Amino acid sequence: MPDRFTGKVAIVTGSSSGIGQSIAIRLASEGAAVVIDYHSHPEGANETKAKVEAFGSKAITVQADVSSLADTQNLVDQAYIQLGGCDILVNNAGVEKNAPFLEVTEKDYDMVLDTNLKGAFFLTQAFVKRLVALQKPGRVINISSVHEDMVFPNFASYCAAKGGMRMLMRDLAMELGPVGITVNNVAPGAINTPINTALLADKPKLNALLNNIPLGRLGSTDDVSALVAFLASDEAGYITGSTYVVDGGLMRNYKEQ
Ligand code: BGC
């Protein structure tokens, strides 16, 4: 592995499982110290921590509900207190709720929007405030989804959140470019993670989806974290304001079944 993140600190939200866990481990494998954020699975966060430490990198686990401003502030504070700073923010924590539009409740809408969008918004604000005060550059990478752009019937709240994340990224790239902070989205398609547990158990649905993926398989978490690592690295210093899709071609081949 190259060693692109020695001396850097990264916060990865939702890194107790799935894509977030893979990102935390990938950044650590190249030298980053990592803040492992988790909501309700300390055992998953501890597993990530053990894997990070196996690379000789430092890690702390911090419990946070990213929809709480106090909790997002604490994530950034802990990075500075325990790891001496923070250079890279990966807004990965996300939830989705399958429901026809007419059955979406206020509670579920709030959960999806607050976690996926509000959380990324205010955590980024807390992260950037510190960098601006210190006049340091930084990287913000949001894990959005192909559904920041592509329809997903019965997931209207998720699409609203991810579409919002797309415009948030574009706007912040403009506002933060002058202070040396890049902002990009990584948009995964169907990746083999716990968020897709129901889909993986439903063979007809899974096969229909696979028929829509030109590369003929679900993505792995490593497919996503390799791209995140590139965007977080110095090599991506001139890249800001865009979305990078990692979906096996799904977005170019979507058909309603
Ligand atoms: C969703 C998955 C879905 C995939 C492709 C992701 O953003 O989380 O549930 O399978 O997009 O549609």
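All ligand and atom numbering here is 1-based and tracks the order in the structure. Not measured: the values here are computed from a predicted model. The figures here come from the full heavy-atom set of this structure, side chains too, leaving out hydrogens, waters and symmetry mates. For the single chain, residues carry numbers from 1 onward in sequence order.
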Suppose I only count heavy atoms of Ser145 and a 4.0 Å limit; which atoms of ligand 1 are within that range? 6 (C), 7 (O), 11 (O)

Going by atom types only, do Asp223 and Ser220 share a side-chain donor-acceptor pair under 3.5 Å? yes

Nearest heavy atom to atom 4 (C) of ligand 1: which of Gly189, Gly94, Cys159 does it belong to? Gly189

How would you list all residue pairs meeting ring-ring contact (aromatic ring centres under 6.0 Å, His included) that involve residues 153-197, not counting sequence neighbours? Phe152-Phe155

Side-chain donor/acceptor of Arg139 to backbone N/O of Leu231, under 3.5 Å: yes

Indicate, as side chain, backbone, both or neither, the part of Tyr158 found under 4.0 angstrom from ligand 1 when only non-hydrogen atoms are considered. side chain

Out of Glu96, Met251, Met150, the nearest non-hydrogen contact to atom 8 (O) of ligand 1 is supplied by Glu96

Out of the candidates Thr13, Thr243, Asn185, only one should pair with Asn142 under the side-chain hydrogen bond (donor to acceptor under 3.5 Å, both in side chains) rule; please name it. Asn185

Under a 4.0 Å heavy-atom limit, does Asn196 contact ligand 1 with its side chain, its backbone, both, or neither? side chain

Pairs satisfying salt bridge (charged side-chain N to carboxylate O under 4.0 Å, His left out), at least one member in residues 35-55, at least two apart: Glu47-Lys51, Lys49-Glu53

